Protein chains: 2
Amino acid sequence: MARRTPPQSASRGKDHLVEELHAALVTDDPQRAALLDAILKVVVDHGLGPESPPVEIMQLLGDKWSSLILTLLGTGPFRPSELRRVVNLISRLGNSTPISQRVLTVKLRSYERLGFIQRTAWPTMPPRTDYRLTPLGRDLVNTIAGIVDWSLSHKDEITAAIHAYDHAGAD
Amino acid sequence: MARRTPPQSASRGKDHLVEELHAALVTDDPQRAALLDAILKVVVDHGLGPESPPVEIMQLLGDKWSSLILTLLGTGPFRPSELRRVVNLISRLGNSTPISQRVLTVKLRSYERLGFIQRTAWPTMPPRTDYRLTPLGRDLVNTIAGIVDWSLSHKDEITAAIHAYDHAGAD
DNA sequence: CCGAATCCGACGGGATACTG
DNA sequence: CAGTATCCCGTCGGATTCGG
């Protein structure tokens, strides 16, 4: 873990890998080389590997429920039981299985941890809680909407591609 | 599938559920009710449940490698071995584990099935193959870039939120 | 009503060996 | 080099139960 810094320079390992990256590609196309350089710069400076923030966020959102939950929260605060009812009614609309209480709680916790939503609890009896988007979360929901819209507007195209692919062997 | 919407009979079940949706929410705020209606319309017409196209695409992209692979393919065609080398070098940059050949193949297949990339194979010996984005795939990559950029530009904020959350009990 | 704890099945993804 | 088949393990998500 806490190893001494290598004798020569702090980013020696990185530099070396970047050189390897260039060597690993046979690019006779200078334009593409420039593109790759741009991407590598992003990758090296900010990270896009399997444990980088973008991938972790994609993983968080890439589950069964997050798109729906966050989109719903975009309309305003929800109490957990409300949220669960609505989510499950929508699930039924698509003939899908409902979300369990446990999973809903886990999801909400993880959003809260990343600062996307804020949890408010009143110490009454019975207890009352609500969840609402933070400004950061609202921003995220807008970004998600980009993919949601894209998916919806291209779904026929994608469906056609799937159909073509699945029938390719049977021609 | 894409049937006309008769006012009464065919979508009776749906209508019923939509009514339930309204009943499930205690909204004294008319503005929010309008927002919810808008979302419900999208949800009901196009689907946003757990098995809808948007969620399935989010799930496809929400794995360990897709963001990186598709971003790289955005620079031009790759041979599998090239792609794997580059991906793994980048993984090492982030001190992550490499991608296995099997998983890379599985991922590429799934992208191909949805029409995001095109596979070209020459029946030579040794074999040669390459993968390149389709127009649809290029469009998708641009959309992904939206989330990637968002993640990168907010990562400090998110990191701070995580830190605050994890220390909340220890104040 | 909110949510934590426990048990369990399903699936993603890694290592390895093998074919063309 | 490209791809498949097998095996294995860790994690995710669902059902249920219990506590505040």
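Labels below follow one simple rule: chain letters A, B, ... track the order of the sequence lines, proteins then strands, and each chain is numbered from 1. Nothing here was measured: the structure is a model prediction, and the numbers come from that model. Scope of the values below: all heavy atoms of this structure, side chains included, with no hydrogens, waters or symmetry mates.
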Interatomic distance, B:Gln101 CD vs C:dG20 C1' [rounded to whole Å]: 13 Å
N or O in side chain of A:Ser81 less than 4.0 angstrom from C:dC2 OP1/OP2: yes
Protein-nucleotide distance (A:Asn88, atom CG; D:dG13, atom P), rounded to Å: 15 Å
Integer-rounded Å distance: D:dC1 P and B:Leu108 CG: 16 Å
5' priority, DNA chain C, between B:Asp63 and A:Met125 [closest heavy atom]: A:Met125
A:Arg119/A:Asp130 ion pair, N-O < 4.0 Å: no
OP1 or OP2 of C:dC2 under 4.0 Å from side-chain N/O of A:Arg79: yes
Between C:dG3 (C1') and A:Ile99 (CD1): distance, integer Å: 14 Å
Distance below 4.0 Å between A:Arg84 side-chain N/O and C:dC1 OP1 or OP2: no
Between NZ on residue B:Lys64 and CD on residue A:Gln59, distance to nearest 0.5 Å: 8.0 Å
Sugar-phosphate only, base, or nothing, as touched by B:Arg119 at under 4.0 Å among non-hydrogen atoms: sugar-phosphate
A:Val86, A:Val87, A:Asn88 screened by side-chain contact (heavy atoms from CB on, under 4.5 Å) with A:Ile90, the one that passes: A:Val86
Euclidean distance, atom NZ of residue A:Lys107 to atom C1' of C:dG3 [Å, nearest integer]: 16 Å
B:Thr134 vs B:Ile117 side-chain heavy atoms within contact, under 4.5 Å: no
Proximal nucleotide (of C:dG3, C:dG20, D:dT4) relative to the B:Pro127 side chain: C:dG20
No-hydrogen, no-angle side-chain donor-acceptor test under 3.5 Å, B:Ser66 and B:Tyr111: yes
Position toward the 5' end of DNA chain D (nearest nucleotide), B:Pro126 or A:Ser100: B:Pro126
A:Trp65 vs D:dG14: side-chain N/O to OP1/OP2 distance below 4.0 Å: yes
Nucleotide C:dC2, atom P - distance to CD of A:Glu82 in whole Å: 9 Å
Integer-rounded Å distance: D:dA2 C1' and B:Glu112 CD: 13 Å
Whole-Å gap separating P (D:dC18) and CZ (A:Arg102): 17 Å
